[in-house]
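Chain letters run A, B, ... following the sequence lines, proteins first and then strands; every chain starts at 1.
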There are 2 protein chains.
Amino acid sequence: MPYTYPYPRPALTADAVVFTIRGQRLQVLLVHRGGEPFAGSWALPGGFVEEGECASDAVKRELTEEAGVRDVWFEQLKTFDAPGRDPRGWVVSVAHVALIDSERVRLAGADDAVDARWWPMNALPPLAFDHQAIVQYALERLRSKLRWSNIGLQLLPLVFTMDALRRVHEAVLDDAIDKRNFHKRMVESGAIRDTGARLANGKRGPQPRLYAFVPRTCE
Amino acid sequence: MPYTYPYPRPALTADAVVFTIRGQRLQVLLVHRGGEPFAGSWALPGGFVEEGECASDAVKRELTEEAGVRDVWFEQLKTFDAPGRDPRGWVVSVAHVALIDSERVRLAGADDAVDARWWPMNALPPLAFDHQAIVQYALERLRSKLRWSNIGLQLLPLVFTMDALRRVHEAVLDDAIDKRNFHKRMVESGAIRDTGARLANGKRGPQPRLYAFVPRTCE
DNA sequence: ACAAAAGTGTTGAGAGTACACCCATGC
DNA sequence: GCATGGGTGTACTCTCAACACTTTTGT
């Protein structure tokens, strides 16, 4: 390295706000901190960025390690670097938002000595560092993206019923959505495709159609 | 500091894409690099973040030093951290977008040994590092914000004519805008206020009204 | 038969877009 | 008086929101 910096350097972490839908509620993945600081409290999954990788690589690593998932949609959210946000010193966090279908997740859980849990968005425990603010910011981003993109599909399996998709939107936006208008909007947007198959769910009523993503631009 | 990190740390810089309107064209502030790497080529204004400050403080410093302006609107854009983006090693940049009225600017210029210049957006020189990509990303952000916010006002002096505001939008979006529809939209949005005064510009035609910001939420 | 769930169409309001002429002032 | 630039209104289209009944299937 032919040039040098006479500057002090921050530690760099990558954190992820991982959303999913469980029980028709929007939930966030949190890990229980074992070590100081904030030992015993809950925090966003994340970790240090290593030299030679970028923050999004680090997020990919974290998601694989702590949630056992690959090929997850995520994007950079914002960098949080207020002085004093970490009592250990100068620690800058590149926060990300990730969306996953909860069915695909296998939390690291007890076997990995990592205590990771889903928490409903409207009943979060106290969070370490400035993670509360990060989660709020992520929620706003998710909501605004949901309104003008097909991002909601990332929270569902590859095929899904129209009602499931609508419940995802309702859970994220925390508001009721008219069934007919929603159906029309989704079909006309071209984002989803009728697979022709129907779900035999054994419930009363006709068997609901199964839809799939149209594998186009999603971001 | 009771805790330590056994991790290598990146250098942290804060860069700014500073937009202005000059000659009815969208322009970007660039500085001529004196030292290696990329000596002699053009780059975004920016510098290292110091311990105890955050990236946005660093941007404020830069804007004061290199453009002689205070109280400038800016926001965080995105963090760029691809390995190899800086030949000196591991350097992470928190990029920002800033908007200023070019009349307020006093470029550092020759007296400060900093060679800073405005460049029209559609005729940029080759840029150092990944700054080309940062500028493109900033332009997209600016355009999308312009469509649904009053951010364009930041590019004008405190009072301005309706035509000036429209030319700002046209310069940023690179598209012609209908005069009447624009006028209606702006007035109805409540973002601007007729000051009652008119501009005596000595040109033919009636004296144009002068408008001012309504000092509300701008972000 | 009845209860539960899925599917579907119309109407009205508001936003946005296209479009042309008159008036004020300087020369 | 004429050339330049500022200022304004209407009609159409499209999007979005409100709103209820019929059909299918399980019990």
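- Of the two residues near DNA chain D, M162(B) and N181(A), the one whose nearest nucleotide lies more 5' is M162(B).
- Counting heavy atoms from C-beta on, the side chains of R185(B) and I177(B) come closer than 4.5 Å.
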Compile the donor-acceptor pairs under 3.5 Å between side chains in residues 195-202 of chain B and protein atoms, sequence neighbours left out, one pair per line.
residue	atom	partner	partner atom	Å
T195(B)	OG1	A197(B)	N	3.2
T195(B)	OG1	L210(B)	O	2.6
R198(B)	NH1	Q207(B)	O	2.8
N201(B)	OD1	K203(B)	N	3.1

Kindly list each side-chain donor-acceptor pair under 3.5 angstrom involving residues 134-142 of chain B, sequence neighbours excluded, with atom names and distances?
residue	atom	partner	partner atom	Å
R141(B)	NH1	E75(B)	OE2	2.7
R141(B)	NH1	Q76(B)	O	3.4
R141(B)	NH2	L77(B)	O	2.8

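- Near DNA chain D, defined here as any heavy-atom distance below 4.0 Å, the residues from residues 202-212 of chain A are G202(A), K203(A), R204(A), G205(A), P206(A), listed numerically.
- Using a 4.0 Å heavy-atom cutoff across all strands shown, D163(B) reaches sugar-phosphate atoms only and no base atom.
- Annotation: salt bridge (charged side-chain N to carboxylate O under 4.0 Å, His left out) contacts of D174(B) (sequence neighbours excluded): none.
- Two residues, K184(B) and T161(B), neighbour DNA chain D, and the one matched to the more 5' nucleotide by heavy-atom proximity is T161(B).
- In this structure, T20(A) has no side chain to side chain donor-acceptor pair (under 3.5 Å) partners at least two apart in sequence or on a different chain.
- Under the rule for a salt bridge (charged side-chain N to carboxylate O under 4.0 Å, His left out), D57(B) has no partner lying at least two apart in sequence or in another chain.
- Checked against salt bridge (charged side-chain N to carboxylate O under 4.0 Å, His left out), R180(A) has the following partners two or more places apart in sequence or in another chain: D178(A).
- Chain A approaches DNA chain D within less than 4.0 angstrom (heavy atoms of the protein), and the contacting nucleotides run 5' to 3' from dA17(D) to dT27(D).
- Protein chain B contacts DNA chain C over a range whose 5' and 3' limits, counting nucleotides with an atom under 4.0 angstrom from a non-hydrogen atom, are dT17(C) to dC27(C).
- Across the interface with DNA chain C, nearest-nucleotide mapping of R185(B) and D178(A) shows D178(A) to be the residue nearer the 5′ end.
- Evaluation of the salt bridge (charged side-chain N to carboxylate O under 4.0 Å, His left out) rule for R167(B) yields D163(B) as partners, not counting sequence neighbours.
- Counting only residues at least two apart or in different chains, ring-ring contact (aromatic ring centres under 6.0 Å, His included) contacts with residues 173-205 of chain A comprise H169(A)-F182(A).
- Applying the side-chain hydrogen bond (donor to acceptor under 3.5 Å, both in side chains) test to pairs two or more places apart or on separate chains, those with a residue in residues 122-134 of chain B are R25(B)-N122(B), R85(B)-D130(B).
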